[in-house]
Amino acid sequence: MTSPLNTLAAALGDGSVEVVDLTHTLDPDFPVIVLPPEFGQCARFRMEEVSSYDGRGPAWKWHNISMNEHTGTHFDAPIHWVSGRDVANGAVDEIDPSVFVGPVVVIDCSKGASANDDFELTPEIIEAWEAEHGTIPAGAWVLMRTDWSKRRGAEYLNMADDGPHSPGPTPAAIELLLARDIRGFGTETVGTDAGQGAHYTPPYPAHYLLHGAGKYGLQCLSNLDRLPPTGAMLIAPPLKIKGGTGSPLRVLALVPGKTGSGEKA
Amino acid sequence: MRRQNYDGVVLTAPVSVPYVRYSQETAHWWIARALKQTLEVAGLAPRELDGFSVSSFTLFPDSPVGLTQHLGLSPRWLDSIPMGGASGVVALRRAARAVQAGDADVVACIAGDANRIDSFRQLLSSFSRFAMDASYPYGSGGPNASFALIADAYMAEYGVTREDFGRIAVAQRANALHYPDAIMKKPLTLEQYLSARPISEPFGLFDCVMPCAGAEGFLVMREDEAERRGLAYARIAGTIERHNAFPEDPVQLRGGWVMDIDELYEMAGCGPEAIDLLQTYDDYPLISMMQFEDLGFCAKGEGAQFVREHDLTIGGDFPHNTSGGQLSVGQAGAAGGYLGLVEAIRQVTGKAGPTQVAKARTAMVSGFGMINYDRGLCTSATIITGAGQ
Amino acid sequence: MTDKLLPPAKKNPQLRQRVPTLPPQMRSRAALGLTAAAARGAFCLQHCDACGTVQYPPRDACCSCLSVDLAWRDTPRGGTVIAETRIHASPDPFYRERLPWRSGLVRLDAGPTVLCHLHGDVGRVDPVRMDLKLDKAGQGVMIALPKERSPDMEDDPQLRSLTAHPKHRRVLITDIRSPATRPLIEALLKAGASQIFVGESESWRRGSDHAAIAALEGVSVMPLDVSDPSSLKKLAAEIGGKTDILINTARYVRPGGVLGADTVFAREEFEVNALGLMRLAQAFGPGMTSRTADGVNSAVAFVNIVSVHALSADPQYGAFSASQAAALSISQTLRAEFRASGLRMINVFTGPTDDEWHQPLPPPKVPPKALAKSVVEGLCEGLEDVFCGDVAKDLEERWRRDPKVLERELAGGGQ
């Protein structure tokens, strides 16, 4: 008798289930969110060599690394935002690990985002997606695909004199997703909110509303164009930091492979 | 108060250990050779020596104290004269008073220096505090530039030309050709002097001495002791010494002899016309010319004219640096301050051989030394007499 | 007449690079007073407090009255050359490579006779203006200069060896975002710098004057982040061998004391201002120290811009002041480590700069142009300690007079 896990192992072995990496490489040049300079900033990722098979350590090589919890591809926990400060089990070390593996749906906004840096995910777009792919299941991760991860350098943060310009959800879109009881929301940009998200009511609605409802966020994802709209599994466990508000992490998706059956992206 | 005379004290047994350009031997070795020679001339064993005066730049880490044990001596009087070119006359002054007072019977006065390949640089880098702070940082790497500056001011002040300096060097070289131990063996013409490669303008190669290894020495004892041993001797008619003269002079156009020369002639009971030969300290022809003036042989500013009007060779009317001086014999460190004195003792006792000035009985020897910063600080001079040939 | 200094010819790649040598380095303790004066561009000699006699060379007791109360004071610079020589032979390795070399005797109006370097435009009988400058051994030396500025006077080889003049040299300015960077570029180009590299960190967030600055003739913008070792390693690999002067304009500053401020800003201030300096030196130091004898465009100076409150903290900028004190201490060690190569470590101390982080402060504040001017002047004069603006000059003087009194004054305890 084959258990589902045996089946999964076999599928991984024969390529009918593929592992897709949705994570940016952590390197010193990767952009982080930039706040007004009076506020504390998000630390950039830094590596300092401790030894490299030399006098400082003859047979080994290792680095000290430093970063913020929200540097690079990262997970946002409810206590990250003021609205979620009192959510039970709201820190990364308290979250039930079962939520770190779960179904994921991808809403493709790449066409709109390529024409408009401030492209908005609206309830209309969500409903149109649902018309094609079915109601978003409760407990699913919802990822907003914009192909923004293909941008390099200054184009990624896309700073102008009035702040950054990158796509994101409207408050109404988040409220609709919350009505679906999603697990969490993820984007390819540096935040779950649009670059100009401060101007909504509430400001930064993705952070405010999601975390206030005890939901999670994922940012700086890549390779969303390799995911099917539905049917994939997301693996996104943050580091178990005591009282942590988030952490950089390896985000993986299990998708139907080329040699297997199942829908393709 | 009148200076006391030097009656009853004499100089004997002058010795010169031939110089070499570079030598692996130490200052101890060179000093030992001169000491042995001078004692042998006097028939003295080293253990019998009861007075010892040493001048050397390269004894470090030893001082003359270390030398006593090194050489097996047990003197009851020991002196160290670190005065460079003035050392010979100053050593004579100290030793003569010791013998006069009965503090020592026989004093060996020895100067000797090594010249190993890296001697010169080590010597300079620790020469004096003012040199370290205010002279060497400016590029000279030695005394040449400092004396070139003095020469520049002197020539401008008194209208002296390079030819005038050259005459002194040329005459000394002619004398050196008669001195078997001179390092320089070829004649020097004024043309060669003028066209030689520049060292530090206005000085060229032949304005400068060649550093060597070598040693010089003589003995100071009572006259009756010299008679008893059958040694030829010279008497001391007078001596002078001065340090840091004329500190207000912006540049050294005159040396300390100016302050004391009248006293020297008064002690000796004679004037410049009585001097049969003059040994000046010749680190540069410039300084020899300065000594002609400051020792009273001509007025200040007339040194060039004096040189033009006199023949400075052994057979001339003003024999000067009769063995060739340091410029042609070489400078063996502190022995440079003895070279003229040792040669003068030979001259006035008729023992100079090929460099003998005819009928020489009265010699003046002048010393100069220790450029601390921008000028030579020590001056000394003596008039010695002998029975001649 | 000084010959105009020509730009360097292309190096022959088959010849060994000249190894740095130094002029004589040893000095007595008293003589270091000349070095201290030269470091800040002053002309000081010892004056006897008892009888007023001016002393030279430096010494431990008055040469007139034997008093040991000798004080270093500003001294009139006038003098007359009374002798000159051109040296053609020297056993000293440094001077041997630079012959012929002119030196002279100068009678100072203040009294003593000084043995000194001579600028090519002065000789015997000329009235001169004396200067104390740091030589390649980092020691104060005397040089006689023309009384009035003469054409191309900075090109005199003897004077140039005593300065860090930017003419024909290539400069790296580390932070494009510093307000002083633009005027610095202009001032350096005006002084004859041949090429300027400007570092830019975090180009992904824009907000720098990148386009305008990159468009300037002779200027290239390069990625550089003093908090990222890999960034420095990469840039040094590319331009380390072409950096003749490095000017560190990178700075992280936030207002706030120590009790009230958070350590996140403090950490960033130490990261950029202190450790950043250390990383820059580690990345660019080896290349620069090996090239200090490399001809006309030899590597010559490492410049750090630091708040004068490195000397004594401004409690309103407490954590920042601490990071500046750290930077100052690091620069002292760097100076010792650069010693053998002759690379000059220069600190330009400034009072509050006229920018967003000092916006509510009353004047006087240092505008970017003034800071740039001070940096370039420091290079042209070969100084080691430059004080830019009235606040910095005043504070340094009070610090030298009594650091404890200054501490109280800065804490609000003085009237």
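For clarity, every value in this text was computed on a predicted model and none was experimentally measured. Order of the sequence lines sets the chain letters (A, B, ...), proteins ahead of strands, with each chain counted from 1.
For chain B, the nearby parts of C:Arg59 are the backbone and the side chain; heavy atoms of each come within less than 4.5 Å. Looking at C:Arg107, only its side chain comes within 4.5 Å of chain B, counting heavy atoms on both sides. For C:Arg86, the parts lying under 4.5 angstrom from a heavy atom of chain B are both the backbone and the side chain.
Contact tally against chain B (heavy-atom pairs below 4.5 Å) for C:His88, C:Arg124, C:Glu84: the top residue is C:His88. Contact count against chain B (heavy-atom pairs under 4.5 Å) is highest for C:Leu115 among C:Leu105, C:Thr113, C:Leu34, C:Leu115. Of the listed residues B:Ala153, B:Ala145, B:Ala134, B:Pro137, the one with more heavy-atom pairs under 4.5 angstrom with chain C than any other is B:Pro137.
Inspection of the B:Arg242 and B:Ser380 side chains reveals no N or O donor paired with an N or O acceptor under 3.5 Å.
Ring geometry, B:Phe130 versus B:Tyr373: the interplanar angle exceeds 60°, so the pair is classed perpendicular (tilted spans 30 to 60°). The aromatic rings of B:Phe368 and B:Tyr281 lie tilted to each other, with the angle between the two planes from 30° to 60°.
Taking the ring axis of B:Phe246 as reference, the NZ or CZ atom of B:Arg254 stays within 45° of it and closer than 6.0 Å to the ring centre.
When every heavy atom of C:Pro20 is checked against every heavy atom of C:Ser290, the shortest pair comes out as CD-O, 4.1 Å.
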